[in-house]
Each structure stands twice: as C-alpha cells, then as structure tokens.
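The block underneath contains the structure these notes are about, expressed in structure tokens.
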Amino acid sequence: MLEIRNLVVKIADEDKQILNGLNLTVNAGEVAAIMGPNGSGKSTLSYVIAGKEDYEVLDGEILLNGENLLEMEADARAAAGIFLAFQYPLEIPGVATMTFLKAAMNAQRKARGEAELLTPDFIKQVNGAADKLGIDREMLRRPLNVGFSGGEKKRMEILQMALLSPSMCILDETDSGLDIDALRIVAEGVNALRAQNRGFLVITHYQRLLDHIVPDTVHVMSKGRIVRTGGKELALELEKSGYASYGEAA
Amino acid sequence: MAIITPLKTAAEQQLVEQFANIKAELPGAGAMRKVREDAFAGFEAKGLPHRRLESWRYTDLRNLVREAMPLVRRPTRPQAIADRLALQTIAGRRFVTIDGVFSADDSDLTGLPEGIRARSLAEALTESPDEVAAAFTAPEVARDDSALMLNAAFAQDGVVIEIADGIELDQPIVLLALGTGASEASIVSRSLVKIGAGAKVTVVELQESVGAAPVQINHATSFVIGEGAQVEHVRMVSRQRAETVQVQSLLVELGGHAAFDSVAVAVNCGVLRQQSFLRYGGEHSRAALRGINLLRKQEHSDVTLVMDHAAAHGESRELFKTIIEGEGTGVFQGKVVVRPHSQKTDGSMKSHALLLNDGATMFNKPELEIFADDVVCGHGATVAQIDAEQLFYLMARGLPRPQAEALVLAAFVGEVADFVSDEGVHEIVGREIDCWLGQREGAPKPGVA
C-alpha cells in the first residue's frame, strides 16, 4: 500500500538533512509503529508523506498504491487516501468546525468525481461519528480547534479521520498531551477504523500508546533511517533498554 | 529664514474659482454662510492635504487631485440607478442621495414612526440655518483638516436624521449614497444624525457608484449621540471606479453612558481615505471602531482615526483587518488621546493586515497620547502573509489551495464582519466580501464548499 524507497529529505531553506535514505513499507490492513528518539526524523517523515512544503526531497520516492505522492500537492494526496493526524492540530479562528468538515468531505468527494453530500446526510454522519468519540455538539459549533483542550483536539483529528475514510492513516504522536482516559478514547476511535483495506503508521516516542493500539510491526527510526524492524515485542524491549543502543540518547 | 509663499496647485485654484461662483447658490443663510466662508478661508490658507502633513502622510490628496472636477448640481437619474435601487433591499428605512443630492422620491419619508424625523440637508439649512450651521463645527482634533473644511464649504446636500429620546428601532436606518458616474464630477455632501438620550438605533451607510466616470467624493457624516443612547453604525464603500478619489469623514460626539459601535467596510473602493474623529463628551461611554479593507490592483484605503477621550471612564476598541493583493496600499493611523482628567480610560487598538503578494503595501501607525495617569491603553499591529501552517492543515484535509486560502481569508475578516448584528446588513456585507474573495485568481466558484 504505502511504499517509501530511499527517501532523502532536507529542510528547504537550510542545509540540514533529516531523512537519510529511508525505506519503509506498510501493507493494507497493517498497523505499523515507528518509534524513535527526539530528532530522529519521525515528524518530518509524516509531513513529507502528507505534502508539507517546508522540505525538499533530494532522492527517493513515496508510492501509495503505486501512485507517486511526491508529484502531488497536499490536497491531492488527501484525495488519494493519505490522512495525517497532526501532533499539534491547528487552531483556525473564524472557521466553523462544521463548515470545515463539510468543505473537506466535499472537496475529497469532488476530487474522486462523486456528488456533494446533502446536508442532512452530512449532519447525520458527523453526529454519528462524534457520538462514538464522545465529542459533544457544542464543540462542533465552535471554530475549528479554537479553545479546545489537547484531548479535544486529538479527538477532533480522529473524527476527521473517521469521516474522510482514508486508506492510509498516519498518526503523529497522537498520544502527546493526552491523559489516560483521553488516550483510551482516541485509541478506541483508531481501533474502530482498523480494516483490511486500510493501513496505519503510528508514530510515537512511547510504548504506552501501543498498549492500546496494538501494532503488527514496529520500526525503530534513528538519524533519518529505519534501523530495526520487528513485531510488537520490540516496543516493549525499547521501553526497557531505551534508544541508546541505536546510537542516540533518549 | 526663508519665507515660504504657498503656491496654489491647478486644482486649488479651480476650487477657489468654484467657490466664488457657487457660494451664493449653496443652501443656508446667516450663520451657515459664515461657516462656509470661514471653512473656505481655512482651506485657502492650507491647501489640499499633502504628504508632508503627518495625518495625511500616506494619502497625498494634493497629488491625487490634480484637477478639481466640477461640482454636481442637478444629478441625472440613469436607468442604472433605478436598477440598483431595485436590487438594494435591506429591511429598514431607506434614505437615498444621488450624487450627494437627496432624492425624496426614492426615500421612505412617508409613514415614519413617531420620534423619527428625516429631511434633506438643503431643506434643513433653509428651515433652520443657524441651528444646522452649529453642527458643522469641526471637532477640536480635526480643526486643521482641510478636507473637512472643503466639505463644510461646499456641502450642498445630504440627509438629516433626528431620533427622539428613548426611541428604539428594530430595523436600521439606511443612508444609501449612489453615484451616477455619468461624468467626471465632484460630489460634496454631509449627513447629520442626531440621536436622543436613551435611544437605540442602527444606522447603515452604503456608498456605491453605478457609472463609468471616475469622480471625486467628499462626504462627512456627523453623529451627535445623547446620554445613554446605543448606536450601531455600518458603513460600506463599494463598487467604485478605480480612479475615484474619495474622502469619507465620520464625526462622532458621544454623550455620557452611551455606546457607539461601528464597522466600516471598503471593497472595490478606488482611492479612499476614511477618517474618523470621535469625542467622548461624557463619562462611562463606550465606542468601538472596526473595519475591513479588501484591496487589489492599485486600490488604496487609508484608515485614520482619533479617539479623543475628553471624559473619564471611557472605553475604546479599534480592530481593523486588511487584505491586500496586487499593488494595493493599506494605511492604518490610529490615535488614542487621553486628556488629563480622563482617568480610568480603557483603550485597545489593533490593526492586522495580510499581504498576498510582493507588490502589496501596508502602513501601520498606532499612536497613544496619554495625559492621565490611571489608564489602560494598548495597541498592536501586524502585517503577515497567509499562515502557511493553517493552509497546510486545510490542504491536508483535501481542500485545494484556492479554497483553503478563501476559507482562511474569509475567517480573517469574518471576525470583524460578525460585529454587524443586523442580519440583513450582515448578509449584504458578507456578499460583497465573498464576491471580492471570489474574484481572486483561481478562486473556487461559489457553492463548492
């Protein structure tokens, strides 16, 4: 499903190279975790897949179901099936949450050549998904993410993920800033979306999130590369030993 | 020291001739005649405002007005005016001027509820010139303003509205100023709005033009607001020719315990100077001046305002949002003056601009002049581009770039537009904003969202 080959990336305006020939494959139906210390390039990887412009790709390719994502703008990648749940979801004052959700859903439908959603269907879908995530209606009436707590913002990300129904979900440190209860709600939301035709890339520092979202594969990232790959037990091992043996301090 | 002999520009000389030729015909005898003579003498001494005057630094009227166009005397009423009037429907009482001249036929003069009086300025000046003349006295902070002097000298008509004490209107008063643009001409008008103690009113001013010819407009609206009155004010200057040069002055004298909330919108405004002078005449009053300026091509909008806290316990709020693309120029010069005895003044002034490309320019100049020691006053000004992080977030959810930009820009100015509480007026303002955003290159067609 998602195939990354020899990806070399630097920050656009600097000489700083972040990803150094990274290779990674996530198959349909697979939940892959990427663990690694601060500064190993985990968030950069998620941004580069989603199409953020602050980076320059020097070499390599990113394919989603055989399509080259690097040739697309961020919106086209979203329409192709990429969804990035942000580590720090943006507050957008003045944009009503419902307006945004409808615009996003319809933009993707349009890109896929489907008809626009009718308002009653849209509201029904949103309310149904919101209820499952414990998002109350009052939150949906507020401007997007404005004044939301850390937990509310993350739940809003998962709500969007559920509504947009992407084929490849990337979760960038979704556990950061969450207390145990919020973590459980978010993880349940993610688990409910696990499906045969959908891949997940779960980026995290800690093993804690992986207790709730149990991965099929765990990759260890260091200095812009995947340095080790294993099963879910690898996460537990890292929790004990830290990242020191991978040439970086935790 | 060298003696500087003021040389008159061609336009200034033309204005001298125009005034000599026309002054006998302008409405208002007695005290009004003197007001006009004095105002014009003041103008002659100063000339047109120019960039070496601090308050006109960014809008060089002397340079912009190379030639004084002839004053419109008896405007025509082309079909385009009738068409526009038919389309411009806001629930409320409508009073219309065409090229600055009151049009009784197009105004809602019959069946006015008790407590509202409406007439033309020309009529008011004929009926009670001395009383009306007093309303032309410039506020202290604007006494040197020669554009306002020209307005007092030449204003031939406008609308005079008087609201009695305690009157509450649930629909707005709409002052619709239409320009015919039939020929190159100058339009000078003044409207007077007097609001009685405890009254509650919304006054909307819409300034539009329908024709092809550029014009010079010098309009002023003076508000006198009684004790405890609550006034909402909306002014929208739109649909102007690019070459039209316009000065819009807003003069407000605010009584004690009163409130004045204004939103001024400029969209497709040509070259526009919006100057506001607000004086707190009584204690415990609250005023807010807010605005939206949407500029492209060579459009220019200069927002200059003075909040004169001449009484204690006053609150002032200013919030201006400007979006500029092409080679447009935006100006914000805001000054909060706190007089020595005006303790407990609370002032906050903000101007935020988004520049969408390299050729766009914004000048921000907030000023505080504080002579009292127990006050809270602050200001903030920003000039930025569209937030790249916000754009990426929206695009990562599938919104194409133009649509994502439109959403961010609409939200940026929406914060001010949402202060317009009358639904019908909010809708009209929103429509002009959407229309402007929709004219951006690559903008999404309406209905996509």
Side-chain angles (χ1 to χ4, degrees), chain A residues 12 46-47 49-55 72-112 116-117 122 143-146 153 156-157 159-161 163-166 170 172, chain B residues 263 265 290-292 294 319-323 350 352-354 380 382 384-420 426 429-430 433-434 436-438 442-449:
Chain A
S46 70
Y47 284 143
I49 298 171
K52 199 167 192 232
E53 286 178 336
D54 307 358
Y55 304 97
M72 305 178 193
E73 282 221 77
D75 58 313
R77 297 185 196 198
I82 294 285
F83 182 94
L84 170 62
F86 282 58
Q87 183 179 2
Y88 304 108
L90 272 284
E91 294 191 7
I92 311 198
V95 175
T97 301
M98 290 298 266
T99 307
F100 160 73
L101 291 174
K102 196 171 179 201
M105 289 169 78
N106 278 333
Q108 295 208 11
R109 292 175 74 94
K110 195 179 170 208
R112 291 192 297 259
E116 279 191 15
L117 270 176
F122 161 74
L144 185 58
N145 289 328
V146 175
K153 283 181 183 168
M156 187 55 74
E157 293 293 286
L159 174 71
Q160 292 170 33
M161 191 191 282
L163 292 172
L164 294 171
S165 191
I170 304 160
D172 186 8
Chain B
V263 174
V265 180
R290 300 183 176 97
I292 295 169
L294 304 178
L319 175 63
F320 285 82
K321 298 276 188 108
T322 305
I323 301 176
K350 287 178 189 147
H352 301 297
L354 290 180
T382 60
Q385 296 168 305
I386 295 187
D387 188 313
E389 302 288 327
Q390 287 186 350
L391 265 192
F392 172 60
Y393 186 73
L394 295 174
M395 288 177 70
R397 295 298 176 256
L399 298 186
R401 182 181 300 274
Q403 202 186 341
E405 286 187 356
L407 207 55
V408 171
L409 294 176
F412 176 71
V413 294
E415 189 191 348
V416 171
D418 286 347
F419 280 101
V420 176
H426 186 270
V429 167
I433 293 171
D434 289 347
W436 188 88
L437 291 173
K445 296 283 165 285
V448 169

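So you know, we letter chains A, B, ... as the sequences are listed, proteins then strands, and number each from 1.
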Enumerate donor-acceptor pairs with a distance under 3.5 Å from any side-chain N or O in residues 407-415 of chain B to protein atoms, sequence neighbours excluded.
unit_1	atom_1	unit_2	atom_2	d
B/Glu415	OE1	B/Lys321	NZ	2.6

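Residue A/Leu101: no heavy atom, backbone or side chain, is found under 4.5 Å from chain B. A/Pro166 does not touch chain B: none of its heavy atoms, backbone or side chain, sits under 4.5 Å away. With a 4.5 angstrom heavy-atom cutoff, A/Ala111 does not touch chain B via any of its atoms. Proximity to chain B (any heavy atom under 4.5 Å) is shown, for A/Ile92, by both the backbone and the side chain.
Looking only at heavy-atom pairs under 4.5 Å with chain B, the residue among A/Glu73, A/Gln108, A/Lys52 that has the most is A/Lys52. In terms of non-hydrogen atom pairs under 4.5 Å with chain B, the most contact-rich of A/Arg77, A/Glu91, A/Gln160, A/Met105 is A/Gln160. Interface remark: of the candidates A/Phe100, A/Phe83, A/Tyr47, A/Phe83 forms the most heavy-atom pairs closer than 4.5 Å to chain B.
Within a 6.0 Å radius of OH in A/Tyr88, no more than 12 heavy atoms belonging to other residues, nucleotides or ligands are found.
Residues of residues 393-401 of chain B having a heavy atom under 4.5 Å from any heavy atom of chain A, listed by number: B/Tyr393, B/Leu394, B/Met395, B/Ala396, B/Arg397, B/Gly398, B/Leu399, B/Pro400, B/Arg401.
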